[in-house]
Amino acid sequence: MKTVSENACFGGTQGVYTHRSNACACDMTFGLFLPQEARDGPVPLLWYLSGLTCTHENAMTKAGAQAWAAEQGIALVFPDTSPRGEGVADDDGYDLGQGAGFYVNATQDPWAAHYQMWDYVTDELPALLGETFALDMDRQAITGHSMGGHGALTMAMSLPGRFRSVSAFSPIANPTASDWGRKQLSAYLGNNEELWLPHDATLLMRAKGFDGPTLIDTGTQDQFLDLLKPEALAEAAAARRQQMSFRMQPGYDHSYFFVSSFMEDHVNFHAEALWA
């Protein structure tokens with residue numbers, strides 16, 4: 001692992017690091033904020049998964065999460081959204097290929113060689129973080145925005161006991177029924193739609209739910225509402241009687257202005273679960 005940068009931030013340290021990923025067969029970059037409490041011992045960890053077109057840097061610089069994480073004494077990790085580099089498959093569209101890994105393990109060419117983002121985020125990167133930094137890996141929570149909200153929800157419901165809480169900003173909530181999902185899942189996983197089901201938060205909510213607190217925020221003026229389908233997730237949670245706070249925030253869109261406006265709520269929500 002190599003240190004790209006480390007900057008003092010709200011009494012702690014905002015770092016950026018690169019490492020060779022065996023899962024993705026390329027170099028990967030992630031951001032990690034450690035609060036000052038990490039100097040004295042392991043601290044809980046909140047994952048932030050970013051959306052389409054993003055790198056590790058977008059939320060790290062735009063979401064305003066570090067101030068609230070420092071106040072709560074928790075760490076934040078910002079993984080990249082896909083493999084990158086020479087020889088890594090890409091597409092001309094913004095919503096497929098580099099910047100659009102969709103947090104799945106691709107099985108189809110040309111994606112399968114590098115696009116193993118599920119294994120990277122759920123296995124390889126946690127192992128590296130736990131071995132290298134002062135983190136309490138028994139206290140993890142997860143959040144994300146848009147495509148990252150999709151990833152956060154599917155991982156939380158598919159890995160029982162891993163995360164104490166889950167939240168999402170404008171998640172792609174029902175990708176098997178949306179153009180933000182069907183395009184990517186067919187490209188990465190093939191045309192057998194049975195293989196898509198574990199990567200749909202609405203279907204997972206119907207089948208499994210999440211054994212912990214859940215918070216969903218979406219803006220009423222989100223320009224992608226028809227693609228996100230938040231109502232499908234809300235209906236699935238209600239049918240299951242899942243504990244979930246589902247909020248439609250009046251006037252907000254899909255941007256980081258929206259994310260940053262409610263980041264304090266989300267960090268405090270997770271801190272309550274992480275320190276319980």
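- You'll find the side chain of Lys183 stays beyond 4.5 Å of the side chain of Asp179, heavy atoms only.
- Distance alone, capped at 3.5 Å, is enough to place a donor-acceptor pair between the Glu124 side chain and the Ala23 backbone.
- The environment of CG in Asp226 is sparse: at most 12 heavy-atom neighbours from other residues, nucleotides or ligands sit within 6.0 Å.
- For the pair Arg139 (side chain) and Pro42 (backbone), a donor-acceptor distance under 3.5 Å is absent.
- Without hydrogens or angle criteria, Thr53 side chain to Gly99 main chain gives no donor-acceptor distance under 3.5 Å.
- Side-chain contact of Ser170 with Asp222: a donor-acceptor pair under 3.5 Å is present, judged by distance alone.
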Derivation and outcome, ring pair (Phe, Tyr, Trp, His ring centres under 6.0 Å), residues Tyr17 and Phe133: CA-CA 12 Å; Tyr17 308 93; Phe133 300 97; 5.2 Å; yes
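- With Leu233 as reference, Ile216 is the one residue of Thr218, Ile216, Leu228 to meet the side-chain contact (heavy atoms from CB on, under 4.5 Å) rule.
- Aromatic ring centroids of Tyr256 and His145 lie under 6.0 Å apart.
- Not a single donor-acceptor pair under 3.5 Å links the side chain of Gln249 to the backbone N or O of Ser261.
- Residues His19 and Leu125 have side chains in contact (heavy-atom distance under 4.5 Å, counting atoms from C-beta outward).
- Applying the ring pair (Phe, Tyr, Trp, His ring centres under 6.0 Å) rule to His266 yields the partners Phe169; only residues at least two apart in sequence or on another chain are considered.
- Aromatic ring pairs are classed by plane angle as parallel below 30°, tilted from 30° to 60° and perpendicular above 60°; the pair His254 and Trp180 is tilted.
- Between Phe258 and Tyr252, the two ring planes are tilted [angle within 30° to 60°].
- In terms of modelled atom types and a separation under 3.5 Å, the side chain of His150 and the main chain of Ala201 share no donor-acceptor contact.
- Remark: the backbone N or O of Asn174 is not paired with any side-chain donor or acceptor of Ser178 at under 3.5 angstrom.
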